[in-house]
J.: 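Structure in structure tokens, see below.
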Amino acid sequence: MSTLFSGEKAFKHIEKLAVEIGPRQGGYKEDRLAAEYIESEFKKLGLKTWRQGFEIKTGRTTAQRLEILEPYTEAVECEGMSMIGVSGPEGVEGELIRIETTDEEYLTPEIEGKIVVTNAVKRKNLELIAKRKPMGFIFIERYPRVLTKHFWGNFPQGKDYGNFPSVRVSFEDGLRLLKKGAKKARIVVEAERGTKKTQNVVAELPGSTRPEEIVVVGGHYDSVPGVRGASDNAGGIAMTMELARVFKEKGSRRTLRFVAWGSEEMGLDGSNLYAKNLKKADKEAKEKDEETETELDLHRLCVNLDVHGAMIGTNAAMVLGTPMLTNSVKLLSRETGTVFEVKEGVYSSDGTPLSAVGIPSVSFSRRSGIDIMMHSVEDTIEYLSPDALELQGRFIETWMTRYVSEAAAFPFEREIPEKLRGEIKKYYDDWHEKLP
Ligand SMILES: [Zn+2]
């Protein structure tokens with residue numbers, strides 16, 4: 001089967017988004033510039049486009065400092081996580097306590113009023129953490145030789161768990177402060193916070209013979225604050241845009257809806273909204289007439305593209321659907337000799353909210369050693385290549401041509417097995433969010 005997907009063309013989109021525009025935090029100017037660029041490219045292809053706007057709670061860290069006060073003094077480089085807490089200009093001062101995880105058994109009353117030195121907060125333990133009242137957190141990166149992640153905190157939006165001024169430090173700095181027996185420290189984290197507007201950008205190629213069957217193909221275009229997000233996810237949105245070009249040229253029996261998701265990094269905001277809207281309209285229509293076929297029913301599949309382009313890496317696919325969907329990727333992998341790791345389960349990205357409302361999804365990504373630099377300033381274009389994009393792009397093009405755009409009958413059941421539905425529910429529970 002001949003393919004049209006061009007790695008060079010996709011790579012140019014990454015250059016525009018991750019190099020020229022740069023960091024694209026949801027709700028800020030660069031996020032808007034990225035949305036405008038993507039929409040204008042969709043329009044150039046002659047596709048009908050629209051936007052789905054929404055508001056997010058967000059902000060930026062304006063000051064961040066970690067000072068070790070006892071038994072020695074040192075200013076340690078750090079990244080403030082201002083969504084978890086802010087300190088005021090004088091900061092907070094406290095005794096340090098080391099716990100290796102925030103699993104329930106380690107969250108003892110001892111941590112009250114102290115600065116907890118640990119590796120990560122588990123979201124499912126937020127309520128318990130709030131009850132134990134630590135003063136703040138120092139998070140140590142999990143891997144050596146990488147810079148601290150610029151994640152300003154990932155607590156669920158709009159919920160009050162308390163105020164914990166917190167910073168991230170590198171693995172090496174964390175190692176040093178533990179070895180030197182740091183006992184007391186001061187944390188300063190200040191931020192601007194507020195509500196901002198962002199959007200999903202949608203482009204549609206109507207199906208020629210089965211326009212009522214809708215398949216969503218998408219990737220998020222925002223990045224973590226201050227981070228260029230070349231692989232995560234200029235790579236995925238670039239693939240989405242190149243697939244739009246390819247299928248505009250090839251045509252499709254079914255409707256292909258290309259979506260550039262907004263504000264994924266703050267908690268899958270754009271895709272959650274899209275799923276919630278479908279569900280709400282479906283509920284309202286079915287209350288009137290149970291037999292009505294709604295837009296939600298017409299959605300047959302979501303193809304999600306998140307984390308792409310690493311020159312050295314392995315193609316991966318994560319499926320929320322029936323074995324037919326999983327096996328289609330496995331079969332084509334063997335047939336074409338394009339190596340793929342195929343698994344069933346939740347991929348923490350924009351396919352999951354759609355699957356939470358019953359639409360099967362497959363998330364394609366490119367796993368790589370550079371994943372340890374994800375969400376840090378090291379996620380830059382130098383590790384990516386047009387060849388890697390083309391290898392996976394041509395595979396997805398072939399797979400979509402066979403099973404989506406040209407298939408006589410849609411081959412995948414519109415069904416998510418119970419075990420996977422349970423995993424989706426657990427994902428939302430751990431994250432303290434309601435299912436859409
Ligand atoms: Zn991502």
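As a basis for the values below, the full set of heavy atoms in this structure was taken, side chains included, without hydrogen atoms, waters or symmetry mates. We number each residue from 1, following the sequence as shown. Keep in mind that what you see is a predicted model, and the values were worked out from it rather than measured. Counting convention: from 1, in listed order, for ligands and their atoms alike.
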J.: Restricting to N, O or S atoms of D306, which is nearest to the Zn ion (ligand 1)?
T.: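 Per the distance ranking, D306 contributes OD1 as its closest N/O/S atom to the Zn ion (ligand 1).
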
J.: Give a yes or no on whether a salt bridge exists between E397 and K250, defined as a side-chain N under 4.0 angstrom from a carboxylate O.
T.: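 The answer is yes: the pair qualifies as a salt bridge.
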
J.: If we ignore hydrogens and angles and just use 3.5 Å, is the side chain of S82 paired with the main-chain N or O of V86 as donor and acceptor?
T.: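 No.
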
J.: Taking the ring centre of each residue, are Y427 and W431 less than 6.0 Å apart?
T.: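 That pair passes the under 6.0 Å test.
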
J.: Can you tell me if, anywhere in E265, an N/O/S atom lies at a distance from the Zn ion (ligand 1) that is smaller than 2.8 Å?
T.: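 False for E265.
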
J.: Looking only at N, O or S atoms, which one in D232 sits nearest to the Zn ion (ligand 1)?
T.: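 This residue's closest N, O or S atom turns out to be OD1.
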
J.: Are the charged groups of D430 and K426 less than 4.0 angstrom apart, N to O?
T.: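 Here D430 pairs with K426 in a salt bridge, since their nearest N and O are under 4.0 Å apart.
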
